[in-house]
Amino acid sequence: MKILAGTETLQTDPNFSAVVRDKSGQPIELCYQCQKCATGCPVSHHMDYHPNQILRMISFGLKDRVLTSSAIWLCSACETCGVRCPNGIRISEVMDALRVMSTANNLSRAKHTESFHRIFLQEVRARGRVHEAKLMAKYKLKSGQFFTDLDLGLQMFKKGKLPLIPRGIKNKKEVRDIFTRSEISREGGK
């Protein structure tokens, strides 16, 4: 189905809302656009669409627009939106499902953000926690954005927020087991 939005014609997927609801386990249809999620979101001012707009676009079946948005990658899963939602919709669960769908369909246009997520998870899997300086070095090499945020990085280093020596955790194997169980679950096993 196609709908007109201003001068644009948008392709819709009438099953998209049901698929997202099934994958996220969240009652998306209960959103009545009160915008409490958007007003409480600490990163919404960096997003191309606010969380309530993402939910509305899901309801309209705007699959391509949702799965190519940067908002789904910028969500920090802090759960502020879920706490504020009067209908108990946990939007971070929705964003997780959307990220998986975007990656599976190779639709992500936020390649740098997706790359950051992958490097972050690789670090957690390998060491049980993130060493911020190593994470940033890997990300800068991968993205090719060597000098962006350099001033901020130096300020953080001066304040001791980017330690040179990484700290580990005791139970790295348990963290790796969580990743393994997640991969098995994603592939349809138990």
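Residue indices begin at 1 and follow the sequence shown. Computed over heavy atoms, backbone and side chain alike; hydrogens, waters and symmetry mates excluded.
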| Check: Thr68 side chain, Asp64 main-chain N or O, donor-acceptor pair, under 3.5 Å | yes

| task | Search all heavy atoms of Val43 against all heavy atoms of Leu74 and return the closest pair with its distance. | result | CG2-O, 3.5 Å

| request: Mind listing the closest non-hydrogen atom pair of Lys36 and Pro86 along with its distance? | output: CD-CD, 4.3 Å

| message | I'd like to know if the side chain of Glu174 and the backbone of Asn171 have a donor-acceptor N/O pair within less than 3.5 Å. | response | no

| Beyond-backbone contact of Cys78 with Pro42, side-chain heavy atoms, under 4.5 angstrom | yes

| Note, Phe179 side chain near Leu121 side chain (heavy atom, < 4.5 Å) | yes

| field | Gap separating the CZ atom of Arg99 from the CH2 atom of Trp73, nearest 0.5 angstrom | value | 6.5 Å

| Flag side-chain contact, heavy atom, 4.5 Å: Thr12 against Phe60 | no

| query | Would Ile119 and Lys142 satisfy side-chain contact (heavy atoms from CB on, under 4.5 Å), going step by step from the backbone distance to the final call? | reply | CA-CA 9 Å; Ile119 294 168; Lys142 180 89 175 177; 4.0 Å; yes

| request: Indicate if Leu152 and Leu154 have the same hydrophobic cluster label, given that clusters are the connected sets of ILVMFWY residues with side-chain heavy-atom separations under 4.5 angstrom. | output: no

| request: Determine whether Ile169 and Val124 fall in the same hydrophobic cluster, where Ile, Leu, Val, Met, Phe, Trp and Tyr are linked whenever their side-chain heavy atoms lie under 4.5 Å apart. | output: yes

| query | Which is it for Glu93 and Lys23 under the salt bridge (Lys or Arg N to Asp or Glu O under 4.0 Å) test, yes or no, and what are the steps along the way? | reply | CA-CA 9 Å; Glu93 298 287 329; Lys23 289 187 181 286; over 6 Å; no

| Is the shortest heavy-atom distance from the side chain of Cys85 to the side chain of Arg90 under 4.5 Å? | no

| message | Hydrophobic cluster membership, with links at side-chain heavy-atom distances under 4.5 Å among I/L/V/M/F/W/Y: are Leu135 and Met156 in one? | response | no

| query | Does Gln33 reach the main-chain N or O of Asn52 with its side chain, forming a donor-acceptor pair under 3.5 Å? | reply | yes

| Salt bridge present between Arg181 and Asp177 (N-O < 4.0 angstrom) | no

| Verify same cluster id: Val83, Met95 (apolar side-chain graph, 4.5 Å) | no

| query | Under the 3.5 angstrom rule, does the side chain of His131 hit a backbone N or O of Pro163 as a donor-acceptor pair? | reply | yes

| task | Assess the side chains of Thr39 and Arg84: does a donor N or O sit below 3.5 Å from an acceptor N or O? | result | yes

| Taking everything shown except Lys138 itself, do over 12 heavy atoms lie less than 6.0 Å from its NZ? | yes

| said: With a 4.5 Å cut-off on side-chain heavy atoms, are Ser143 and Ser115 touching? | reply: no

| remark: To the nearest 0.5 Å, atom CG of Asn87 lies from atom OH of Tyr32 at 5.0 Å

| Under 3.5 Å, is there a donor-acceptor pair linking the side chains of Glu79 and Ser92? | yes

| said: If you define the side chain from C-beta out and look only at heavy atoms, does anything of Thr180 sit under 4.5 Å from Arg125? | reply: yes

| task | Mind listing the closest non-hydrogen atom pair of Met47 and Cys41 along with its distance? | result | CE-SG, 4.1 Å

| Is a side-chain donor or acceptor of Ser24 paired with a backbone partner of Gln26 at a separation under 3.5 angstrom? | yes

| said: So, taking the atom named NZ in Lys134 and the one named CG in Leu164, what distance separates them when rounded to the nearest 0.5 Å? | reply: 13.5 Å

| Minimum heavy-atom distance between Ser17 and Ile28, given as atom pair plus value | O-CD1, 4.3 Å

| Electrostatic pair Glu123-Arg129, nearest N-O below 4.0 angstrom | no

| query | How long is the span from the CG atom in Leu55 to the SG atom in Cys81, to the nearest 0.5 Å? | reply | 8.5 Å

| field | Side chain proximity check, Glu29 to Arg21, heavy atoms < 4.5 angstrom | value | yes

| task | Find out whether Val66 and Val20 are in side-chain contact, i.e. whether some heavy atom of one side chain is under 4.5 Å from a heavy atom of the other. | result | no

| note | So CD of Gln53 and SG of Cys31: to nearest 0.5 Å the spacing works out to 11.0 Å

| said: side-chain contact (heavy atoms from CB on, under 4.5 Å), that's the test. Do Val19 and Met101 meet it? Break it down for me. | reply: CA-CA 10 Å; Val19 171; Met101 293 171 72; 3.7 Å; yes

| request: With side-chain contact (heavy atoms from CB on, under 4.5 Å) as the test, would you mind laying out the steps for Arg118 and Thr103 before giving the verdict? | output: CA-CA 11 Å; Arg118 289 186 189 283; Thr103 301; 3.1 Å; yes

| task | Please round to the nearest 0.5 Å and tell me the distance separating atom NE2 of His46 and atom OG of Ser70. | result | 10.5 Å

| query | For Lys140, does the NZ atom have more than 12 heavy-atom neighbours from other residues, nucleotides or ligands under 6.0 Å away? | reply | yes

| Closest approach of Leu162 and Phe157, non-hydrogen atoms and distance? | O-CD1, 3.5 Å

| task | Might you work through the side-chain contact (heavy atoms from CB on, under 4.5 Å) test for Tyr49 and Ile72, ending with a clear yes or no? | result | CA-CA 9 Å; Tyr49 301 107; Ile72 63 175; over 6 Å; no

| Quick check: does any side chain N or O of Asp13 sit under 3.5 Å from a backbone N or O of Lys63, one acting as donor and the other as acceptor? | no

